[in-house]
Amino acid sequence: MRLATWNVNSLKARLERVEEWLEQVQPDVLCVQETKLGPGVFPSMALASLGYEAADHGEGRWNGVAILSKVGIEDVQTGFGVGSPLDDEARLVSAVCGGIRVFSAYVPNGRSPEDDHYRYKLEWLEALRVHLDRSFSPADPVVVAGDFNVAPDDRDVYDPAAFEGATHVTAPERDAVRALEDWGMVDVFRQHHEPGGLFSWWDYRAGSFHKGKGMRIDLVLATPVVAERATMSLIDRNARKGKSPSDHAPVIVDLADLT
DNA sequence: ATGGTCGTTGCACGA
């Protein structure tokens, strides 16, 4: 089973690139973030013609998450599901795909450590941890994949000195991701690659991509029963090249079939 | 060279 996550920065603007990528890479499951699509405009038909069923949780101009699957998509759930104001924005959707509870997550950006949005980001990550803890055991097959807007390690940014005091690298943000790992989640990409120089996001500005100025902020977190099935993972930086790319590249994980 | 580019129910703001 091939599972991937990709912040597409508008599924409307990116549909052609996404279709082309799906045909080439053939993931069984794709977690999508920043669809930026409101209700009723999700390109279900176009994706169905490529063999994908979809779970769409969008709100309009901003945010929006989705899951595409060729291996079934059952028991779709949106948000934290407890009437929390943290569900006001469309940032979380999950479904059971091929026997795994798969979440597509778009963690708030945070903007800057002084901004209210930064507090919102930390609250959102804590709500995610609580939601996992209340809903699952670390022994269950669970994946949380998405744009975490956190670089877990200094070596996950091109120049730690350039990020002094900036969001995405502060201790509270990293602690919030580590709390998910302490609960039982494994950073699957990190299983296969030593830290350093491998990024999933590059600013559109200033030729950052060509200068290698990126960050690894898109993660596939999996419970051990899933993570131990992972045979390969990579960041498809080719998808960041060419005409009208997203500013994020997809992260791909291959899972061995259950025997 | 201290910015630079994208996206959007855009003409300002979020990333």
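Heavy atoms only: backbone and side chains are in, while hydrogens, waters and symmetry mates are out.
Taking the P atom of each, B/dA1 and B/dC6 are spaced 24 Å apart, rounded to whole Å. If you take atom P in B/dG4 and the same atom in B/dC13, they sit 16 Å apart, rounded to whole Å. Atom P of B/dG7 sits at a distance of 25 Å from the matching atom of B/dT2, rounded to the whole Å. Taking the P atom of each, B/dT9 and B/dA15 are spaced 15 Å apart, rounded to whole Å. Remark: the separation of the C1' atoms in B/dG10 and B/dT5 is 15 Å, to the nearest Å.
When the side-chain nitrogen and oxygen atoms of A/Arg205 are compared with OP1 and OP2 of B/dA15, none of them lie within a distance under 4.0 Å. Between A/Arg111 and the phosphate of B/dA15, there is a side-chain N or O to OP1/OP2 separation shorter than 4.0 Å.
Although no hydrogens or angles enter the test, the distance criterion places no donor-acceptor pair under 3.5 Å between the side chain of A/Asp115 and the main chain of A/Ser112. For the pair A/Asp140 (side chain) and A/Val142 (backbone), a donor-acceptor distance under 3.5 Å is absent.
Contact annotation for A/Phe209: no contact, since no heavy-atom pair falls under 4.0 Å across all strands. Using a 4.0 Å heavy-atom distance criterion, A/Asn109 is classed as a sugar-phosphate-only contact.
At a threshold of 4.0 Å, the pair A/Arg2-A/Asp254 counts as salt-bridged, since one of the basic side-chain nitrogens sits closer than that to a carboxylate oxygen.
With distances taken from any side-chain atom of A/Arg61 to the nucleotides B/dT9, B/dG7, B/dA15, the minimum falls on B/dT9. You'll find that the side chain of A/Arg14 is closest to B/dG7, out of B/dA15, B/dT8, B/dG7.
For the residue pair A/Ser233 / A/Gln191, no side-chain donor-acceptor distance below 3.5 Å is found, with atom types taken as modelled.
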